[in-house]
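Residue numbers begin at 1 in each chain, while the letters A, B, ... track the order of the sequences.
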6 protein chains.
Amino acid sequence: MALTHFDAHGDAHMVDVSDKAVTARVAVACGHISMKRETFDIISEGKARKGDVLSVARLAGIMGAKKTADLIPLCHPLPISKVAIELTLDPDLPGVRIEATVKTTGQTGVEMEALTAVSIAALTVYDMTKAVDKAMQIGGIRVIVKDGGKSGRYEAQ
Amino acid sequence: MALTHFDAHGDAHMVDVSDKAVTARVAVACGHISMKRETFDIISEGKARKGDVLSVARLAGIMGAKKTADLIPLCHPLPISKVAIELTLDPDLPGVRIEATVKTTGQTGVEMEALTAVSIAALTVYDMTKAVDKAMQIGGIRVIVKDGGKSGRYEAQ
Amino acid sequence: MALTHFDAHGDAHMVDVSDKAVTARVAVACGHISMKRETFDIISEGKARKGDVLSVARLAGIMGAKKTADLIPLCHPLPISKVAIELTLDPDLPGVRIEATVKTTGQTGVEMEALTAVSIAALTVYDMTKAVDKAMQIGGIRVIVKDGGKSGRYEAQ
Amino acid sequence: MALTHFDAHGDAHMVDVSDKAVTARVAVACGHISMKRETFDIISEGKARKGDVLSVARLAGIMGAKKTADLIPLCHPLPISKVAIELTLDPDLPGVRIEATVKTTGQTGVEMEALTAVSIAALTVYDMTKAVDKAMQIGGIRVIVKDGGKSGRYEAQ
Amino acid sequence: MALTHFDAHGDAHMVDVSDKAVTARVAVACGHISMKRETFDIISEGKARKGDVLSVARLAGIMGAKKTADLIPLCHPLPISKVAIELTLDPDLPGVRIEATVKTTGQTGVEMEALTAVSIAALTVYDMTKAVDKAMQIGGIRVIVKDGGKSGRYEAQ
Amino acid sequence: MALTHFDAHGDAHMVDVSDKAVTARVAVACGHISMKRETFDIISEGKARKGDVLSVARLAGIMGAKKTADLIPLCHPLPISKVAIELTLDPDLPGVRIEATVKTTGQTGVEMEALTAVSIAALTVYDMTKAVDKAMQIGGIRVIVKDGGKSGRYEAQ
């Protein structure tokens with residue numbers, strides 16, 4: 001089986017989507033950043049009082065989604081029609097769970113935009129708390145829903 | 001303990017580094033993307049013959065490192081003096097292991113650049129193979145070495 | 001009354017416009033930069049002979065309009081179909097009056113693009129003349145016409 | 001008197017600063033956005049409870065400062081070492097007052113960065129509240145302090 | 001005859017395309033970079049074994065096509081639906097021949113995107129081999145096919 | 001002989017320049033765009049009267065120089081300290097000759113910045129006149145002077 005991002009010679013190209021239908025598409029991706037209990041407590045308190053790490057990370061993720069075609073070499077530029085990012089403090093991790101939902105009306109899907117939004121939001125959490133915890137770890141980044149294209153609905157198991 | 005990215009009022013700001021020394025700094029970050037065996041085999045064959053996913057991902061990661069200050073809201077722009085990214089096929093994962101090394105001579109560290117390089121490289125692997133495997137997962141993104149600033153050398157355990 | 005850029009939890013998001021109609025839209029914004037008489041005279045002479053500040057500012061404004069979605073966190077990316085910027089020397093100000101007209105065929109309006117074009121053009125005038133006048137002031141930036149969306153035509157009074 | 005951004009032929013160029021000293025530089029700029037009383041009240045309540053317009057505008061301004069050399073055609077790229085933006089609700093305006101402080105250690109000043117930060121923050125306030133008030137007006141954008149270069153300290157009167 | 005990128009006053013503007021039909025459009029551009037025989041041999045060997053200059057240049061060209069509206073002041077932003085770049089080693093030049101094909105479904109043509117792709121790919125070849133050959137020369141950059149707009153098909157003679 | 005942009009495994013990387021001296025560097029590049037006599041006459045008249053193609057191309061080239069590290073994958077970001085671009089109408093070509101001079105004080109040279117400035121200026125001339133002449137050709141892009149680094153002064157023969 002061949003990868004669509006390479007032509008018959010094995011050279012990378014941006015796949016021709018000009019014959020694909022313009023349809024409403026949605027993708028949801030998730031991920032998390034785990035940290036020390038002490039770091040988690042600092043973020044949690046900031047959420048309630050001042051120094052809201054999650055709000056900064058949410059904005060960074062939204063803006064990151066808009067940069068996807070600039071970051072991922074063979075991604076098509078897309079007119080994104082919605083981005084929403086939910087960041088949840090999870091004391092069991094301990095850390096922050098991130099879920100991004102992206103919509104477009106276009107010729108290709110938006111799972112890369114959703115994954116990029118999650119990644120940039122997680123990196124921003126790291127940036128803002130790295131002074132107190134260098135051992136934080138970002139993981140679990142994956143697509144959980146993708147719908148609207150020719151290949152039908154995908155839901156992660 | 002307070003986070004340095006917020007001032008006394010809890011408002012986000014870009015930390016003043018103008019009094020920090022200009023020193024040689026280095027950071028190394030790693031991460032991986034895990035996938036189905038079948039997907040791993042397709043990437044492995046492409047590496048040997050044609051359709052080299054890892055080369056595209058490597059370049060994307062290098063270019064991504066240069067965009068870090070544009071992506072992470074409170075990151076300082078830095079004159080990066082080196083970026084190298086190693087992508088290794090790991091049959092036990094199965095998947096791809098990614099390690100990025102970034103250097104600068106500046107007033108702040110480059111761990112965010114290294115982490116961003118790993119993240120964008122991993123997202124690019126996802127993008128290029130998503131047609132055959134939507135369940136791939138990106139994880140283990142963390143700093144393993146950071147050196148050159150006032151806080152001394154950090155090595156992940 | 002709630003602001004549309006926040007969800008029920010007060011979290012910022014990029015509003016879902018996927019169900020809005022794709023219509024022809026136009027927005028006109030204006031603004032000005034006021035300066036010392038001496039600075040005004042230097043710009044006026046350059047316009048006639050050489051060193052045309054207004055041409056540089058016009059181009060900067062046009063290019064700025066194309067960056068709107070990159071600059072304003074919750075703005076939707078839009079396929080702009082026209083940008084025109086008029087810069088007029090006003091001896092009574094004294095200074096430069098700026099008016100930008102932007103068109104698109106899309107799901108949201110282009111008033112942010114028009115306001116951004118005016119702002120960047122004004123900042124460019126400041127940049128090019130700041131060596132002779134640091135006290136210049138930018139003001140009066142507002143929308144004067146917006147048309148083409150569901151909410152109908154808006155004209156500033 | 002000639003403008004430094006044009007050469008002897010009247011052609012625009014990026015001024016040669018390679019012989020200027022690398023010194024610590026700071027600039028402070030301010031501006032405001034005025035609005036209807038009702039809009040002011042909505043923003044004020046969001047500040048206290050949820051839907052914090054000022055936090056989003058602050059981040060946009062900080063990120064905008066980093067894009068200055070990309071937006072203003074003849075601006076030199078600079079390694080910014082600090083950006084802080086203060087947004088104050090002023091019931092007498094009524095509206096929001098914005099003040100941005102930018103620092104660098106470089107060969108040119110950062111007043112354009114400070115002015116850009118104020119402009120982008122103001123535009124973001126407009127974007128987030130335009131659904132309830134299209135008549136808002138941005139003004140008073142000017143430099144209030146500039147220090148650190150050969151020309152000495154400038155303070156607005 | 002007047003140029004469409006200037007209005008009746010001779011001021012530059014982004015042409016209004018809002019009344020043009022949305023049609024499938026394609027453009028093909030070509031160019032080359034000529035070099036010393038020794039440099040050509042080094043690139044040729046790398047292609048076969050390791051250090052593949054052409055793969056890096058191809059990716060740079062694809063990503064460059066996506067930046068066209070950001071680089072060319074009066075270009076309209078476009079949702080590109082395909083980019084493919086062919087780089088061929090030509091021993092008779094000696095050097096590398098580059099051909100880029102770009103597609104969109106939009107209101108303006110994509111010849112600027114194709115020309116930009118070729119230019120950035122050629123510059124990248126220069127960058128990667130400049131340590132061994134500073135005298136390389138880029139030339140022959142032109143449009144060879146343009147189709148899909150109102151003005152009909154154009155083919156270079 | 002090996003290319004410096006590839007490591008021992010043949011993988012592309014951004015070369016480590018952290019041990020190179022920070023020195024004053026300059027590069028000059030040139031190129032041209034040739035066109036039909038009729039097109040040349042239109043541009044020449046616009047220069048004298050209105051619709052100044054060369055001014056727009058000059059600005060585009062200057063701004064393009066600042067984007068070099070964003071466009072060329074393995075280029076180091078550099079604090080450019082000067083960009084000047086000369087565009088000359090050459091009736092013998094007929095067409096436009098372009099020469100760009102770039103300076104920096106840094107750890108690597110600026111020939112890529114000078115070449116990029118020339119390329120973007122030439123592409124902009126094409127964009128602005130393509131409505132009257134699709135057969136224009138860009139060529140002769142090369143480095144004519146490079147000075148300031150360890151390898152000494154280079155002058156094209």
Exercise. Closest approach of D90(B) and R97(B), non-hydrogen atoms and distance?
Worked result: OD2-NE, 2.6 Å
Problem set entry | Part of I85(B) lying under 4.5 Å from any heavy atom of chain F | neither
Seminar exercise, completed: Looking only at I62(B), T105(B), V102(B), most heavy-atom pairs under 4.5 Å shared with chain F are made by I62(B)
Seminar exercise, completed: Between D16(F) and S18(F) the two heavy atoms that sit nearest each other are OD1-OG, 2.5 Å
Exercise. D19(F) versus chain B, heavy atoms under 4.5 Å apart: side chain, backbone, both or neither?
Worked result: neither
Problem set entry | Carboxylate-amine/guanidinium contact R153(F) E155(F), below 4.0 Å | yes
Problem set entry | Donor-acceptor contact present, side-chain D133(B) to main-chain T39(B), <3.5 Å | no
Exercise. In terms of heavy-atom proximity below 4.5 Å to chain B, should I72(F) be classed as side chain, backbone, both, or neither?
Worked result: backbone
For this session: Can you establish whether the number of heavy atoms outside Q137(F) located under 6.0 Å from its atom CD is more than 12?
Result: yes
For this session: Find the distance between CG (D41(B)) and CE (M35(B)) and round it off to the nearest 0.5 Å.
Result: 10.5 Å
Exercise. Heavy-atom distance under 4.5 Å to chain F: side chain of A84(B), backbone, both or neither?
Worked result: both
For this session: Between chain B and each of P73(F), P77(F), A12(F), count heavy-atom pairs under 4.5 Å; write down the option with the most.
Result: P73(F)
Exercise. In terms of heavy-atom proximity below 4.5 Å to chain B, should V17(F) be classed as side chain, backbone, both, or neither?
Worked result: both
Problem set entry | Top contributor to chain B interface from D70(F), T108(F), L78(F) [non-hydrogen pairs under 4.5 Å] | D70(F)
